[in-house]
There are 2 protein chains.
Amino acid sequence: MANSKKQTVKQQKIIQTAIELFAEKGYANTSTAEIAKQAEVAEGTIFKHYGTKDRLLLSIIVPYLKEIFPSMADEVIGEIMGRNIATFDEFLEGFFTNRIQFFNENKEIFQVLVKEFIYNQELRNELFPYFSENVLLRFGKIFDHFQERGELENIPRERVMKMLFTFIGGFFVSRFVILTDYTITEEEIDDAVRFVMNGLRG
Amino acid sequence: MANSKKQTVKQQKIIQTAIELFAEKGYANTSTAEIAKQAEVAEGTIFKHYGTKDRLLLSIIVPYLKEIFPSMADEVIGEIMGRNIATFDEFLEGFFTNRIQFFNENKEIFQVLVKEFIYNQELRNELFPYFSENVLLRFGKIFDHFQERGELENIPRERVMKMLFTFIGGFFVSRFVILTDYTITEEEIDDAVRFVMNGLRG
DNA sequence: TCTGTTAGTGAGTAATTACTCACTTAATTT
DNA sequence: AAATTAAGTGAGTAATTACTCACTAACAGA
């Protein structure tokens, strides 16, 4: 939505096709010739717009991380402050439901992100700042918020958040990247929330 | 140890170098020419022994999965039956300590396995049977064992084991593949065991 | 000592790779 | 309407890719 830098129809087709192929076979196993063919463009068109294959990948990943991620996070925070979400339980359930819907709508791009994040050390180093600034920082604030309200026991924040992220990371990666045809039920969300809540209460 | 099919010195160097390079840059980003150069062999030697690059990868992964994994699992089970491990707490702590040591000793090969498992759909489909037969089945038995003893509450086994594997998977992948220079403290093992135990007790 | 087998070589190959560039076509600006 | 810019093309390229093959060296069994 805010991501409108006057993209051409052909540009859209290139990006869309690249996302599909990168998600399916990985960046390293996808050639620009293949993208061009499937997107019904000349190979030169890709390089006219993106210069290198590497910058094509970045022009998929960076906007996704830079624009959509934080705005969604603020949305979640807004829900807590504005609406009637009082308990950490409720927050977690909202978070899981929200994110599951979001990742379902952007499944392929999420797959690209995770696959390259794990496969490519350099990309990982470049993206870590974004990740820690946006996700870690915001989640830390939320955690503090509920801890001040006495919702969560006074366990050392850092240590417990590590456990929380380990589970959340494992949850989304396994369900959306490894088990690509998996469907998450409401029952499973409840299980996950209960598992985390009990884990944190220790 | 049982893995001695009269490997040549050059064969060992090829395998060792391939593991290093695949772990660092991924299978798809490593050329056979590069492996040959770094292992100080002719490129033809690689193909004399392994035929294709694909079979070189498999000759790294399959023995690791086929021989070392189950034998270690049996070792763990043996510990429970033989030694004085009575509670699921103790088992979990033993499991984490054991596996952390093991993966530290085979860090690179574990990285290769995880990276390709996530990157390559076909490999994933081929390895899933091994995984479910060995890991899932054995873990299920252990879980039953403690559930029969009244150690664990009678929560539906399948649902709770999903949560358990989500956490364990997230734990090992994040610590050994993503944060490659991370050191796991005993304190963190305790945190992890406590997190899981509380989670399961829900 | 002869002989067959295995280990190892390295030059060579067809195919594929990311990328370039001179060019045409379409859209904007003046 | 003329001029400038941007979008798009596709043939071409140097480098790299996985893999082959005719060959030599080492060595074990008869």
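Convention: sequence-line order gives letters A, B, ...; per-chain numbering from 1. This is a predicted model, so every value here is computed, not measured.
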Can you check the A/Lys53 NZ to C/dC19 P distance for me, whole Å?
-> 8 Å

In whole angstrom, give the distance that lies between atom OH of B/Tyr27 and atom C1' of D/dT17.
-> 12 Å

With a 3.5 Å cut-off and just heavy-atom distances, do the side chain of B/Lys10 and the base of C/dG8 make a donor-acceptor pair?
-> no

To the nearest Å, give me how far apart CZ (A/Phe47) and P (D/dG12) are.
-> 18 Å

Starting from P on C/dA7, measure out to CD on B/Gln11 and report it in whole angstrom.
-> 7 Å

Does B/Lys48 put a side-chain nitrogen or oxygen below 4.0 Å from OP1 or OP2 of C/dA7?
-> no

Position toward the 5' end of DNA chain C (nearest nucleotide), B/Gly44 or A/Asn29 = B/Gly44

Once you round it to whole Å, what is the distance between C1' of C/dT20 and CD1 of A/Ile46?
-> 14 Å

Modelled atom types, side-chain donor and acceptor of A/Thr32 and A/Glu43, under 3.5 Å = yes

Which of these nucleotides, D/dC19, D/dG10, D/dA7, is closest to any side-chain atom of B/Thr52?
-> D/dC19

Base, sugar-phosphate, or nothing: which does A/Thr45 touch, judged by heavy atoms less than 4.0 Å apart?
-> base

Under 30°, 30 to 60°, or over 60°: which ring-plane class applies to B/Phe146 and B/Phe91, parallel, tilted or perpendicular?
-> tilted

Polar side chain donor-acceptor pair, B/Arg175 to B/Thr183, under 3.5 angstrom = no

Atom NZ of A/Lys37 and atom P of D/dT9: how far apart are they, to the nearest Å?
-> 16 Å

Look at the side chain of A/Ser31 and decide which nucleotide, out of D/dT17, D/dT9, C/dT17, has an atom nearest to it.
-> C/dT17

B/Tyr50 has an atom OH; how far is it from atom P of D/dA18, in whole Å?
-> 16 Å

Pairwise distance CG(B/Asp89) to CZ(B/Arg194) - rounded to 0.5 angstrom = 10.0 Å

Whole-Å distance, A/Ile14 CD1 to C/dC19 C1', equals 14 Å

Please state whether the phosphate of C/dC19, meaning OP1 or OP2, lies under 4.0 angstrom from any side-chain nitrogen or oxygen of A/Thr32.
-> no

Is a side-chain donor-acceptor pair under 3.5 Å present for B/Arg138 with B/Asn134?
-> yes

